[in-house]
There are 4 protein chains.
Amino acid sequence: MEPTERKEMILQEAKKLFAVKGYYQTQISDIIREAGIARGTIYQYFKNKEDLFVSLLEKYYSQWEKNAYLAEDLDLAAVSPREYFFHRIRRTLEFFAQDQDVCRIYLRMGLGLPGELESTISRFEKKIEDIIVNDLNLGVRNGHVPEDMDVRLVANLLGGALLRTAYLYFGSGVDPDFDLDRAARKICDILSPAIFLPSVP
Amino acid sequence: MEPTERKEMILQEAKKLFAVKGYYQTQISDIIREAGIARGTIYQYFKNKEDLFVSLLEKYYSQWEKNAYLAEDLDLAAVSPREYFFHRIRRTLEFFAQDQDVCRIYLRMGLGLPGELESTISRFEKKIEDIIVNDLNLGVRNGHVPEDMDVRLVANLLGGALLRTAYLYFGSGVDPDFDLDRAARKICDILSPAIFLPSVP
Amino acid sequence: MEPTERKEMILQEAKKLFAVKGYYQTQISDIIREAGIARGTIYQYFKNKEDLFVSLLEKYYSQWEKNAYLAEDLDLAAVSPREYFFHRIRRTLEFFAQDQDVCRIYLRMGLGLPGELESTISRFEKKIEDIIVNDLNLGVRNGHVPEDMDVRLVANLLGGALLRTAYLYFGSGVDPDFDLDRAARKICDILSPAIFLPSVP
Amino acid sequence: MEPTERKEMILQEAKKLFAVKGYYQTQISDIIREAGIARGTIYQYFKNKEDLFVSLLEKYYSQWEKNAYLAEDLDLAAVSPREYFFHRIRRTLEFFAQDQDVCRIYLRMGLGLPGELESTISRFEKKIEDIIVNDLNLGVRNGHVPEDMDVRLVANLLGGALLRTAYLYFGSGVDPDFDLDRAARKICDILSPAIFLPSVP
DNA sequence: GATGAATGAGCATTCATTCAT
DNA sequence: AATGAATGAATGCTCATTCAT
């Protein structure tokens, strides 16, 4: 086997494991077992475990970067803004669709907490989704939300949007002067057109 | 010190550490040092490290649950759908605003990868944000996007929404029949009203 | 409760635990739980765990000593040697019969190895017993051993005798000049009258 | 060094330590110091401390089993019952003679109680031996016991026999209907021919 | 005397990394 | 380049003992 092939193969096996078990719960022993190589061999290709994981991230990061910027090939003058937006979304989905493992790793879902912890934290995320789904179904029944809405999808869009925003605002320290009402109002104003029928006040 | 106080104090110190260093990189030694207690004391209040972390998650989860459901006290007949939506958002932000550490832990930002890994993966998230910010600024200049838009906020809303959706679709296996175009179109249609001026095609 | 009573009660509970779980596997926590006392109380009556165990041993040792020497009250001139021997045996059995826990502790059966170890070592002792039982049954069938012999009892007598002798000879170092044949012959000569019918060569 | 040799070497060193200090008081640190290996090396050959001890027991158990059953090679028709008995005894002594450590471990003398406990419990065994020795010497002086008797040996035979029998009867619970007199009589009848001169009543 | 929260020395075990072959 | 036995720093956890109340 070519050295390049072998390095690639190790990365492949490591990726699967990291995606499922996360960084800490994936042992070098797991990787060499799956890759069918000797313990020392891994250190011929990677400085250490961290370097192996970074290589993985870098590899897919550069793939994604190429992919993401390709969107700029689009002739802005020729496509409508919505079309341009559509392509951005499509390219992003495309990137993650090619590899569920990369998806899990980049979306921090497989950082590897012991089983119980993982499920406790997932329960929180599931609950948020459920609450939004309930609210949306209520909105549909009351005629405030389009009947044909994919509520599961919208619940994820809204949940993802809100949680990320919370992190933006508070993740690196909470500003004591932060105006909660104003922020909530802004987010509400931005997202409302996406879910409510135009007639809704 | 009361036993309850002491347990609470340990949770406080552990929370700070877990938020900054994550689960694996936070050692029991760190916690006892910060809490100023003896090694064995932690095991008087918690079965083990995992139990301590779960207690933390459960504690804030139940706080959040109370908080989240309180929104249902709102008289649906009395408030407009948008007002209801606003309150949901406000309550969520409120929960995370009270504690940056809880915010980091629940949003899986502090699950603890070694420094280099953490920054590599953050770079990816920052990049996504930047690309969206650029696109939005372009939209502003071209008159497709409201001039007074808080682009940083919207970039986070969009980024969070899209990434979470990607995980929804691909996180637990990629369906070979998945229709990329259709999914992207749906997402685009839902989110477009939130960013484009009504006049944009 | 009187202090003396309380000390006695702790000894009672500790004895039961030590007999079943052994010294190391019996925790102070076990003892205070069974005795229904506080952790610190035990140290009011005993210097430490070791002292508690020693107190236990000493207590029964002195009881046994009294019991054993009482045999000397027997009027040697009045009883036959066999009667005297009988009384010694009876007194010893009597001592152990009064308390199975003391029996287990003194006979080193409950020194507390983790389950697997305990059973591995017991298997060895059971095996020895079985071999002797087999041999004796063979002897009965061949008419060398009395038909009414309690083979299980004799197997234990012989096994206990032999193993203890092995320890006498080799437990504190093996003499290179030790004459195996001579020793085995001596033991055989001593024990043979106890098992074989007088007619056996 | 060959892997097999190394495993063997670790077992050797561990055996010595377990024999002297017992299971609990023998630390992994002791073993690696004596074996001159690194801490982790032990876990390359044994799952854990318990597995190491079990391996030790199993190893010698199987050696003994082979040794014990070899006795059955003896042509029963060709040897007298006493000769057969002699060989059994010889084989058993032979097994323990080869290794004082194995002797101590199997005969539960090295199960490792802290120094003081060990000596307290030994004192009891020594005392029993002394009492029997005294009695036997008395018997010699009175002409009831053969003059050339090895009293120390017989004391150990009798002590071992009696103690083991006590455990047989009471170790796993004391039968309330147990007939002490009858049992003592039986034991007395069995052992008397082994010690008394034929003329003794 | 009694209590039980607090203590911390001590221990088994893990696992990324090395290096002689 | 490949191997895998050996390494040992690092870590979570235990449990007898203490001492302020």
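So you know, we letter chains A, B, ... as the sequences are listed, proteins then strands, and number each from 1. In this text, all values refer to a predicted model and were calculated from it rather than measured experimentally. Atoms considered below: every heavy atom in the structure, side chains included; atoms not considered: hydrogens, waters and symmetry mates.
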Starting at the 5' end of nucleotides 16-21 of chain F, put B wherever the base has a protein heavy atom under 4.0 Å, S where only the sugar-phosphate does, and a dash everywhere else. BBB---

Distance, rounded to the nearest Å, where D:Ile42 contributes CD1 and F:dA5 contributes P: 17 Å

Whichever of D:Thr41 and A:Thr41 has its nearest DNA chain F nucleotide further upstream toward 5': A:Thr41

Who pairs with D:Gln44 by side chain to side chain donor-acceptor pair (under 3.5 Å), at least two apart in sequence or on another chain? none

Return the value, rounded to whole Å, for the distance between atom CZ of B:Phe46 and atom P of F:dT14. 15 Å

Atom-pair distance (CE on C:Met9; C1' on E:dA2), nearest Å: 12 Å

Taken in chain and number order and not counting sequence neighbours, the residues that satisfy ring-ring contact (aromatic ring centres under 6.0 Å, His included) with A:Tyr43 are none

Contacts of C:Asp30 that satisfy salt bridge (Lys or Arg N to Asp or Glu O under 4.0 Å) - sequence neighbours left out: C:Lys21, C:Arg33

Students often get this wrong, so: under 4.0 angstrom with heavy atoms, is B:Tyr45 touching a base, only sugar-phosphate, or nothing? sugar-phosphate

Tell me every residue that passes ring-ring contact (aromatic ring centres under 6.0 Å, His included) with A:Phe124, counting only those two or more places apart in sequence or in another chain. B:Trp64, B:Tyr106

Mind checking which stems touch DNA chain F? I mean at least 3 consecutive Watson-Crick or G-U pairs, both distances under 3.5 Å. E:2-21 with F:2-21

Between P of E:dC11 and CD1 of D:Ile32, the distance in whole Å: 12 Å

With sequence neighbours left out, the residues meeting salt bridge (Lys or Arg N to Asp or Glu O under 4.0 Å) with C:Lys16 are C:Glu13

If you compare every side-chain N and O of B:Arg33 against the phosphate oxygens of E:dG8 (OP1, OP2), does one of them come in below 4.0 Å? no

Would you sort out whether C:Gln25 and D:Tyr24 count as a side-chain hydrogen bond (donor to acceptor under 3.5 Å, both in side chains), showing the intermediate values? CA-CA 10 Å; C:Gln25 297 218 321; D:Tyr24 283 101; 3.0 Å; yes

Across all chains, not counting sequence neighbours, the salt bridge (Lys or Arg N to Asp or Glu O under 4.0 Å) partners of C:Glu34 are none

Send over the distance from A:Asp30 CG to E:dC15 P, rounded to a whole Å. 9 Å

Could you tell me if A:Arg39 and A:Ser29 have a donor-acceptor pair between their side chains, going purely by distance under 3.5 Å? yes

Using whole Å, what does the distance between atom P of nucleotide F:dG4 and atom CD1 of A:Ile31 come to? 17 Å

Residues which pass salt bridge (Lys or Arg N to Asp or Glu O under 4.0 Å) with C:Lys15, listed by chain and number, not counting sequence neighbours: C:Asp99

